[in-house]
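Not measured: the values here are computed from a predicted model.
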Amino acid sequence: MFNPFKRTQYVELNITDQIQDRPLEKCPRCKEILLKKELIQNLKVCPKCNYHFRLGAWERIQMLVDENSFQELNGDLFSTNILDFPSYQEKLNEAQIKTGLNEAVITGKGLIMGKMAMICVMDSNFMMASMGTVVGEKICQAAEIALAERLPLIAFTASGGARMQEGIFSLMQMAKTSALIKKIDEAGLLYITVLTDPTTGGVTASFASLGDIIIAEPGALIGFAGPRVIEQTIGQKLPDGFQRSEFLLEKGFVDLIVPRNKLKETIAELLAMH
Amino acid sequence: MLPFEHELEALIKKIRDLEEFSIKHNIDLTNEINLLKAKEKDIRKKLYSEIAPYERIQLARAINRPNTMDYINNIFTNFIELHGDRLFRDDLSIVGGIAKINEQPVTVIGHRKGRDTKDNIKYNFGMPHPEGYRKALRLMKQAEKFKRPIVTFIDTPGAFPGIGAEERGQGEAIAKNLMEMSVLKVPVIAILIGEGGSGGALALAVSDRFIMLENAVYSVISAEGCASILFKDASRAREAAEALKITAQDMAKFGIADEIVGEPPGGAHRDPKLVIDRVKNSICRFLAELKELSVDELLNQRFERYRRINASNLTL
Ligand SMILES: [Zn+2]
């Protein structure tokens, strides 16, 4: 029997301050020029129009977990070009250099207002957080630790879909992760998903949509098929707001929309009630 | 005849013309005809012995290829179709019901494609909406309740990308199937008979045994879609088909397909009866095999099938 702990390696979280050489940032929605420092202080939400900027996985973890409490799991897992797919290795290398991450998801455990949880955070800066073997594997191993230690599991999703370069193996991650979520379900453990911009494709059609409680950040694009594919198929423009968090709330596919500045306390409250 | 068979088609026509000419004008062309027939044999052999993935896609999509209804009607008896998801409507792109195989009741579910454009429009070219997956899951739960094994036939370009499908939760519907199928307490056998398109195929394919026809293809994205996204050029689909590794032979190598059912040269539509009989044989054999397992064994093995996928490829 496979033992997840054998592969477990916890490392101390150490984030250096993210103030960069570019002091200004333009809001993609309202085009307002914002001071980077103020934007970061505002959890990367535009103070003018409430646009929620996409976050890197470490930024997310820093906003979510209690200081110095996060222990990373499987931080050293990285993908290989299993199918010998053209240019895949180069893309992986580029993504690793660009993000400083080994793969598109960070998993680990940490305290959220004093409550311990297993946490998976996807990072769309890494190849649009497409799901390949390692992303699927890291999520499954996080779920297995949640099962073994009876911890709640929280997944922050963001994904452009399947990692095409891994062919059928990427598709199989959908079945693999969904089977693990069923184990979490049967064990009576809490599973919360937080859908962030953008959550699409195979991730939407697997673990992202299976939360006991599904939270969405405001204005996030959430869907199975991408808007461009739909527009091409039906030959018409999609209405404004289609596949956005507020649309999914109205249609009954998310439980609640929580702005970023209320996210940590909302999750902590939910954890406290389970 | 499919596009890649043009050369062969032209040669067959030429032979026929010569034969007609020889009879009509009473001229002996035996030598010429025999030469061409030898050439035809050569081309046939070359064409069908090493079919490239891109040609297999064309075979898998061929409109006259045996479809789910052909298999259901010729493998099972007493098929009773059951309709609807009890929530929204009946999705005609997925067919399901109860039938018997060797006197044993089973639940049968499959993607439905038509024989002509009119039927294909009715069945949405085998591309389900969420209600199709929900109907399938309802029938699977029903099978579990009455301890009937489940047989599914996979043949879809993928789940339908449309406004209604998104409004009604296409992603949630597929996810729910994947999750619930992983714990169905009855044997599930899936047969990929044609196109295995992405999540839309997988949502009926989580199973204890996975059978694939020789020219069927299983892919996370269509070759055309992959080419247009990654190569920025949809016309490079042939390259994408190679790179994605989508054939039955690939799936057997990866441990995803348990068995490949052979097709006659030129594809399953050249001899549907032969192929359908072979599929029936495989189903019966696997049903007998799975019957021997306890529910716990069945579920453990199914879980491990999916859990272990790729683990051996991880670099630690
Ligand atoms: Zn703004």
Side-chain angles (χ1 to χ4, degrees), chain A residues 2 7 76-80 82-87 133-134 136-137 140 161-176 178-183 185-186 200-202 204-210 222-226 229-230 232-234 238 242-243 247-248 251-253, chain B residues 127 130 158-163 165-183 196 198-203 205-206 218-221 225-226 229-231 239-240 242-246 250-251 254 256 302-311 313-316:
Chain A
F2 162 73
R7 296 180 177 199
D76 51 357
L77 276 187
F78 58 87
S79 299
T80 54
I82 43 182
L83 297 184
D84 219 0
F85 199 100
S87 316
T133 302
V134 169
E137 183 64 25
C140 287
R163 179 84 48 92
M164 276 176 278
Q165 293 91 340
E166 293 187 20
I168 202 68
F169 290 108
S170 64
L171 187 70
M172 291 300 139
Q173 303 312 308
M174 294 167 63
K176 182 168 126 180
S178 300
L180 252 306
I181 299 308
K182 187 67 195 178
K183 297 250 181 214
D185 183 44
E186 287 177 334
T200 61
T204 300
S206 62
F207 63 92
S209 297
L210 297 173
I222 304 161
F224 175 62
V229 175
I230 300 173
Q232 277 167 15
T233 307
I234 64 174
L238 292 168
F242 183 71
Q243 292 182 312
F247 172 90
L248 271 87
K251 299 296 172 191
F253 288 97
Chain B
M127 293 187 282
F160 185 69
I163 290 179
E166 292 293 320
E167 280 178 343
R168 299 193 292 279
Q170 188 75 281
E172 190 272 349
I174 293 171
K176 186 65 77 60
N177 277 27
L178 302 181
M179 179 166 91
E180 295 302 331
M181 289 180 81
S182 73
V183 293
S198 195
L202 185 63
V206 174
Y218 201 9
S219 186
V220 65
I221 184 170
C226 178
I229 295 170
L230 285 186
F231 306 148
E239 251 172 277
E242 299 274 348
L244 284 165
K245 308 277 193 298
I246 58 176
D250 293 323
M251 295 310 134
F254 299 152
I256 287 168
R302 192 185 305 150
F303 178 77
E304 286 302 321
R305 261 177 97 77
Y306 292 93
R307 180 64 190 89
R308 70 165 188 252
I309 282 177
N310 312 329
N313 293 305
L314 291 174
T315 306
L316 294 170

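Neither the backbone nor the side chain of Leu248(A) comes within less than 4.5 Å of any heavy atom in chain B. If you measure heavy-atom distances from Arg305(B) to chain A, you find no contacts under 4.5 Å at all. Heavy atoms of Phe207(A) lying under 4.5 Å from chain B are absent altogether. For Ile221(B), the part sitting under 4.5 Å from any heavy atom of chain A is the side chain, from C-beta outward, and nothing else. Contact annotation for Leu202(B): only side-chain heavy atoms (C-beta onward) come within less than 4.5 Å of a heavy atom of chain A. Using a 4.5 Å cut-off between heavy atoms, Ile246(B) does not touch chain A at all. Of the two parts of Leu83(A), the backbone and the side chain both hold a non-hydrogen atom closer than 4.5 Å to a non-hydrogen atom of chain B. In this structure, chain B has no heavy atom under 4.5 Å from any part of Gln232(A). Only the side chain of Gln173(A) comes within less than 4.5 Å of a heavy atom of chain B; its backbone N, CA, C and O stay farther away. For Met181(B), no part lies under 4.5 angstrom from a heavy atom of chain A. Interface remark: Ser198(B) contributes backbone and side-chain atoms alike to the contact with chain A (heavy atom separation under 4.5 Å).
Contact detail for Ser206(A) and Ala175(B): the closest heavy-atom pair is O-CB, 3.3 Å. Considering every non-hydrogen atom in both Ile168(A) and Ser219(B), the closest pair reads CD1-N, 4.0 Å. Here the closest non-hydrogen pair linking Ala175(A) and Val206(B) is CB-CG2, 4.2 Å. Here the closest heavy-atom approach between residue Val220(B) and residue Ser170(A) is recorded as CG2-OG, 3.3 Å. Gly171(B) and Phe224(A) make their closest contact through N-CB, 3.8 Å (heavy atoms, listed as atom of the first residue, atom of the second, distance). A pairwise comparison of heavy atoms in Thr233(A) and Pro161(B) identifies OG1-CG, 3.5 Å as the closest pair.
Rounding to the nearest 0.5 Å places CG of Asp84(A) at 12.5 Å from CD of Glu242(B). How far CD of Glu172(B) is from CD1 of Ile222(A): 13.5 Å, rounded to the nearest 0.5 Å. Annotation: the span from Tyr306(B) atom OH to Leu180(A) atom CG amounts to 14.5 Å, rounded to 0.5 Å.
By number of non-hydrogen pairs under 4.5 angstrom with chain A, the leading residue of Lys176(B), Met251(B), Glu239(B) is Met251(B). Heavy-atom pairs under 4.5 Å with chain A were tallied for Ala203(B), Gly169(B), Gly199(B); the largest tally goes to Gly169(B).
At least one side-chain heavy atom of Gln165(A) sits less than 4.5 Å from a side-chain heavy atom of Leu230(B). At a threshold of 4.5 Å between non-hydrogen side-chain atoms, the residues Phe254(B) and Met172(A) do not count as touching. Here the side chains of Gln170(B) and Thr204(A) are not in contact, with every heavy-atom distance at 4.5 Å or above.
Salt-bridge annotation for Glu137(A) and Arg308(B): absent, with no side-chain N of the basic residue lying under 4.0 Å from a carboxylate O of the acidic one.
For Glu167(B), the salt bridge (charged side-chain N to carboxylate O under 4.0 Å, His left out) criterion is met by Lys251(A), not counting sequence neighbours.
The main-chain N or O of Val183(B) is never found under 3.5 Å from a side-chain atom of Lys182(A) such that the two would form a donor-acceptor pair. For the pair Lys176(A) (side chain) and Ile309(B) (backbone), a donor-acceptor distance under 3.5 Å is present. In this structure a side-chain-to-backbone donor-acceptor pair under 3.5 Å is present from Glu166(B) to Ala225(A).
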